[in-house]
Every structure is written in C-alpha cells, then in structure tokens.
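As the structure lists them, so they are numbered: ligands from 1, and atoms in each ligand from 1.
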Amino acid sequence: MAKFNLVVAIDGTAASGKGTISKKIAQNYSVPHLDTGLLYRFVGYKVLQGFDPISAANKLNMSELETLDLKTLKVSNAASEVAKIPLVRANLLEFQRSFAAQPGGAVLDGRDIGTVICPNADIKFFISASAEIRARRRYEELLGLGHSISLKKVLEDIQERDERDSNRKDSPLIPAVDAKKIDTSDMSIAEVYESVSRVIEAELKK
Ligand code: DC
C-alpha cells in the first residue's frame, strides 16, 4: 500500500528543464514518471516513416517507443506538428490518464497535463526559461548524445515549436490557473528542485 497518493503535473516550454525536474521528483518520492512528449515524438517518428498519425497514435507501443531515437530535431518538429491534430491527442489521452491514476500517484510532464490530462492533479507546475537559455541547454544535451548540430538551428527549432504549441486550437501550451510558475533562466537544477520540493512537502503535510 503506497504511503500517499501524489499526482504532479509539470508543464512547460520545450527544453525548460521540466523533464529533469520530473525525473528527480519521481525518484525522490518513488512514484512513476511519464514524459508525455515521448508519446507525441513516437507519433511524429511514425509519420516520418510514412504512417498515418491518427492510427499511429491509436497503436501507441511503449516497448517499441523505448527502442527508437526520438530526441532528434526532425522528430521534435514532427511531434509538434502531429500534436496539433485533435484525434492524435484524443488517442493518447486515455493512456496518460490511466498512468496518472496508478495507486500512489505519478509525475507527468508535458504541455497540457495540468489543463487537460490531470486537471485535478494535487500539484501543478509551469516551468519556463528564456528561449536562448533553453536552446543552449538542449544544444549541449544533443552534443552529449553525439548529434552534430548548430546552436542557431536548435534555437530556431525551439522558437518554432513554442509558437506552434502555444497557438494550436486543441490543448495549447498554457499554464493552468492553479499552476505554480517557475522561470528557471537564472536557476540551477538544484535550485529549481529545492523550490519544487518545498511545494510538494507542504502539500504532503496537508
Ligand atoms: O516535451 P517534448 O519537447 O518532448 O515534446 C515534443 C512535442 O510534443 C512538443 O513540441 C509538443 C508535443 N507535446 C504536446 O503537444 N503535449 C504534451 N503533453 C507533450 C508534448
């Protein structure tokens, strides 16, 4: 039997650090974590291979997803494109909601977790940072993964995706009204985590 039930929704812009923070929360509180961006990346990857986005989303396969290289800029862009399609979003919704409903809770990160997937989450965060800082972080991450890419290209990709993700009609990237907003531009991971865990500890004491 789990000690508590904790559902944490973490939304934010591309490469804002939400993934790193989500993983740390999940580890610290021993709850499962879902990076929902990977689901859209899986569909984007399939579209680049010539599949139909709606049926690819319908046939989401987590074991296959784990074997694919989904972190390229090409896949990021394709993911952001397929994420505009309401039936793609609808096909991925149930999986995300069931993940969040596990006993003990879960941490989910994405763009619409606090607004659409888990509107009743115990805690919601909205993580952002300036586009330049996010681009540098993602650039370094991609270099570390062995990709050869320019900083300029990464910045353009981030700006393009922010624009597309924020302006689509279905489930746009917007903070939930009850989300705690954190701008990580001038913060280290440790500082962000400290701020986030203060909120979680306070919630758990309630
Ligand atoms: O978090 P990420 O950068 O891996 O996400 C890739 C794309 O997927 C992002 O540009 C928009 C889309 N996405 C979404 O629309 N909703 C989510 N909950 C997560 C990602």
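Using a 4.0 Å cut-off between charged side-chain N and carboxylate O, Asp157 and Arg161 make a salt bridge. For the pair Asp178 and Lys124, the salt-bridge criterion is met [side-chain N within less than 4.0 Å of a carboxylate O].
With Lys18 as reference, Ile127 is the one residue of Ile127, Val192, Ile113 to meet the side-chain contact (heavy atoms from CB on, under 4.5 Å) rule.
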Side chain to side chain donor-acceptor pair (under 3.5 Å) evaluation trace for Ser80 with Arg164: CA-CA 7 Å; Ser80 170; Arg164 200 185 293 122; 2.8 Å; yes

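No cation-pi contact links Lys180 to Phe125, judged by a cut-off of 6.0 Å to the six-membered ring centre and 45° from its axis.
The residues lining ligand 1, counting any heavy atom closer than 4.0 Å, are Lys18, Thr36, Gly37, Tyr40, Arg41, Ala79, Ser80, Ala83, Arg89, Gly110, Arg111, Asp112, Arg161, Asp165, Arg168.
Partners of Lys205 according to the side chain to side chain donor-acceptor pair (under 3.5 Å) rule, which considers only residues two or more places apart in sequence or in another chain, do not exist here.
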